[in-house]
Amino acid sequence: QVQLVESVGGLVQPGGSLRLSCVASGFTLDDYAIGWVRQAPGNEREGVSCISSADGSTYYVNTYYADSVKGRFTISRDNTKSTVYLQMDTLKPEDTAVYYCAAGFPPSCEPRREYEYWGQGTQVTVSS
């Protein structure tokens with residue numbers, strides 16, 4: 001059974017940092033693309049970032065970042081812990097949203113890709 005569990009988000013001041021984690025079970029990270037998707041009230045879902053194996057490799061990955069977060073967010077994974085991380089730096093109020101971890105097959109990252117499995121979501125609020 002595929003399961004994705006996100007860490008608790010939180011309240012962060014503008015300019016601050018926060019790291020989200022997503023623990024995956026029921027599948028191998030190498031076999032799926034793992035993405036972070038966010039949704040703010042009244043807005044459509046936005047694919048923030050994605051990570052997937054490059055050419056089936058465990059060590060080399062492909063990543064994708066939305067323009068809105070490029071240079072501020074970093075996605076990474078630890079296969080030994082079946083965990084994907086989203087390091088969010090220089091946070092802005094417009095980053096406020098519910099963040100979802102999602103998994104999709106095949107393991108490729110591209111803008112607006114679809115995902116089959118979703119976590120429960122975690123709230124991130126950026127405010128002073």
In Å, rounded to the nearest 0.5 Å, how long is the span from CG of D89 to CZ of R72? 9.0 Å
For S108 against R113, the heavy-atom pair lying closest together: O-NH1, 2.5 Å
Shortest non-hydrogen separation from G47 to Y64 and the atoms involved: O-CE2, 3.8 Å
Between the OG atom in S127 and the CG atom in L91, the distance rounded to the nearest 0.5 Å is 12.0 Å
Does one side chain, of T125 or Q123, offer a donor that lies under 3.5 Å from an acceptor on the other? yes
Of all heavy-atom pairs between F73 and V48, which one has the smallest distance, and what is that distance? CD2-CG1, 3.6 Å
Flag, side chain of E6 to backbone of G121, donor-acceptor distance under 3.5 Å: yes
Kindly determine whether C101 and W36 satisfy side-chain contact (heavy atoms from CB on, under 4.5 Å), including the steps that lead there. CA-CA 5 Å; C101 175; W36 288 95; 4.0 Å; yes
Any donor and acceptor pair, going by atom type alone, linking the side chain of T83 with main-chain N or O of K81 inside 3.5 Å? yes
Would you say the side chain of V5 lies within less than 4.5 Å of the side chain of C22, judging by non-hydrogen atoms? no
CA sep, side-chain torsions, deciding dist, call: S76, Q87, side-chain hydrogen bond (donor to acceptor under 3.5 Å, both in side chains): CA-CA 8 Å; S76 62; Q87 177 67 42; over 6 Å; no
d(Y117 OH, Q3 CD) to nearest 0.5 Å is 12.5 Å
Under the 3.5 angstrom rule, does the side chain of Y65 hit a backbone N or O of I75 as a donor-acceptor pair? yes
With a 4.0 Å cut-off on N to O distance, would you call D67 and K70 a salt bridge? yes
hydrophobic_cluster_shared for V23 and V2, side chain cutoff 4.5 Å: no
What do the steps show when you test S17 against M88 for side-chain contact (heavy atoms from CB on, under 4.5 Å), and what is the final call? CA-CA 5 Å; S17 297; M88 304 184 292; over 6 Å; no
Heavy-atom closest pair (D30 atom, P107 atom, distance to 0.1 Å) is O-CB, 3.9 Å
Y85 and T74, any side-chain heavy atoms less than 4.5 Å apart: no
Any non-hydrogen side-chain atom of V124 less than 4.5 Å from a side-chain atom of D95? no
Taking atom CD as the centre, does E114 end up with more than 12 heavy-atom neighbours from other residues, nucleotides or ligands that are less than 6.0 angstrom away? no
Side chains of P14 and K92: does their closest heavy-atom pair fall under 4.5 Å? no
Lys/Arg cation over aromatic Y100: R38, 6.0 Å, 45° cone: no
What distance separates I34 CD1 from C50 SG, expressed to the nearest 0.5 Å? 8.0 Å
Do I51 and V37 belong together in a cluster built from hydrophobic side chains that touch within less than 4.5 Å? no
Closest heavy-atom pair, G104 versus Y115, reported as atoms and distance to 0.1 Å, is N-CD2, 3.6 Å
Have D78 and T80 got a donor and an acceptor in their side chains that come within less than 3.5 Å? yes
In Å, rounded to the nearest 0.5 Å, how long is the span from CG of N62 to SG of C109? 7.0 Å
On a heavy-atom basis, the closest approach of A40 and A97 is N-CB, 3.8 Å
Under a plain distance cut-off of 3.5 Å, with no hydrogens placed, do R77 and S53 share a side-chain donor-acceptor pair? yes
With the side chain counted from C-beta on, respond yes when W118 and L4 share a heavy-atom pair under 4.5 Å apart, and no when they do not. no
Is there a donor-acceptor contact under 3.5 Å from the side chain of T122 to the main chain of S7? yes
Can you hop from L86 to V12 via hydrophobic side chains spaced under 4.5 Å? yes
